[in-house]
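Have a look at the structure below before the remarks.
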Amino acid sequence: MRIVLLGAPGAGKGTQAKKLVEKYGIPQISTGDILRKAVADGNPLGKEAKAYMDKGELVPDSVVIGLVKERLTRDDCKKGFILDGFPRNTAQAEVLDKVLNETNIPLQVALCVDVDMEILMKRLTGRRTCRQCGQMYNIYFSPPQKESVCDKCGGELYQRDDDKEETIRRRLEVYEAQTAPLIEYYKNKGILKTVEGTGDIDEIFANICSILGA
Ligand code: AMP
């Protein structure tokens with residue numbers, strides 16, 4: 001199965017992608033995760049990407065497209081893949097189509113996870129992560145028992161740099177201006193499906209599975 005997950009930051013693409021990985025045994029390719037790892041490693045790619053990410057802007061296409069092209073050539077993508085956070089604009093979508101068509105493995109589904117703007121703001125501004133074990137919380141929807149302390153390991157909870165309010169506003173603006181037009185792009189190709197992304201995570205996943213016919 002070859003899927004693109006569409007949806008605004010905070011829509012839950014990453015969460016649902018992980019569940020799809022478990023069910024189908026195909027890899028999740030998250031450009032956000034690849035870039036965050038490069039930033040944490042402090043390599044040249046990470047240094048270049050960080051400035052854009054901290055401002056909520058898109059990292060240049062030339063950088064991101066190269067990463068995805070390389071990732072798609074690996075063996076684990078032969079059975080399929082879940083693209084999460086890529087493509088982010090029409091230029092990226094066109095390159096992706098070209099690359100996949102050249103190898104005769106076109107995309108099968110572009111699945112849009114749809115969530116109301118007000119809920120997105122709370123999901124993003126409320127997100128906290130444990131520095132020690134990586135456990136995620138949300139101060140509005142799933143708060144820790146004690147403020148800023150991880151229930152699991154007692155580690156300190158922190159807010160991702162790009163989850164600060166000003167950056168979030170910019171990320172949502174960038175989404176509306178550059179990424180949302182991809183909904184029309186994939187609709188015109190006849191492969192767009194939409195799932196309501198609010199509510200219980202497992203219920204959303206069950207809806208996704210029925211949409212994918214699995
Ligand atoms: P995400 O975790 O998908 O929300 O991505 C976090 C940040 O990484 C974004 O705000 C962008 O700065 C950058 N990023 C992730 N994916 C892409 C992409 N496909 N194109 C450009 N920038 C990206």
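We count ligands from 1, going down the list as the structure has it; atoms in each ligand are counted the same way.
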> Should the heavy atoms of other residues, nucleotides or ligands under 6.0 Å from CD of Glu70 be counted, would the total exceed 12?
Replying inline: yes
> Are any of the N or O atoms of Pro9 closer than 3.5 Å to those of ligand 1?
Replying inline: no
>> I need the nearest protein heavy-atom contact for atom 22 (N) of ligand 1: residue, atom name and distance, please.
In response: Val59 N, 3.0 Å
> Can you list the atoms of ligand 1 that are under 4.0 Å from a heavy atom of Arg160?
Replying inline: 2 (O)
>> As an exercise, identify every atom of ligand 1 less than 4.0 angstrom from a heavy atom of Glu57.
In response: 11 (C), 12 (O)
> Are a donor atom and an acceptor atom from the side chains of Tyr185 and Asp97 found within less than 3.5 Å of each other?
Replying inline: yes
> Without hydrogens or angle criteria, can the side chains of Asp84 and Gln28 be said to hold a donor-acceptor pair below 3.5 Å?
Replying inline: yes
>> If the threshold is 4.0 Å, N to carboxylate O, is there a salt bridge linking Glu165 and Arg169?
In response: yes
>> How far is atom 7 (C) of ligand 1 from the closest protein heavy atom, and which atom is that?
In response: Met53 CE, 3.9 Å
>> Which residue and atom name correspond to the protein heavy atom nearest atom 6 (C) of ligand 1, and how close is it?
In response: Arg36 NH1, 3.6 Å
> With a 4.0 Å cut-off, would you call Arg170 and Glu173 a salt bridge?
Replying inline: yes
> Going by the order shown, which atoms of ligand 1 are within less than 4.0 Å of some heavy atom of Gln92?
Replying inline: 18 (C), 19 (N), 20 (N), 21 (C)
> Which one of Leu96, Leu111, Val109 satisfies the side-chain contact (heavy atoms from CB on, under 4.5 Å) criterion with Val4?
Replying inline: Leu96
> Can you find a pair of side-chain heavy atoms, one from Cys130 and one from Lys152, that are under 4.5 Å apart?
Replying inline: no
> At what distance is the nearest protein heavy atom to atom 9 (C) of ligand 1, and which residue and atom is it?
Replying inline: Arg88 NH2, 3.4 Å
> Within the side chain of Lys193, is there an N or O that forms a donor-acceptor pair under 3.5 Å with the backbone of Ala110?
Replying inline: no
> So which protein heavy atom does atom 16 (N) of ligand 1 come closest to, and at what separation?
Replying inline: Thr31 OG1, 2.8 Å
>> One residue to check: Leu58. Relative to ligand 1, which of side chain, backbone, both or neither has a non-hydrogen atom less than 4.0 Å away?
In response: both
> Which of the atoms in ligand 1, numbered in the order shown and given with their element, are less than 4.0 Å from a heavy-atom of Leu35?
Replying inline: 8 (O), 13 (C), 14 (N), 15 (C), 23 (C)
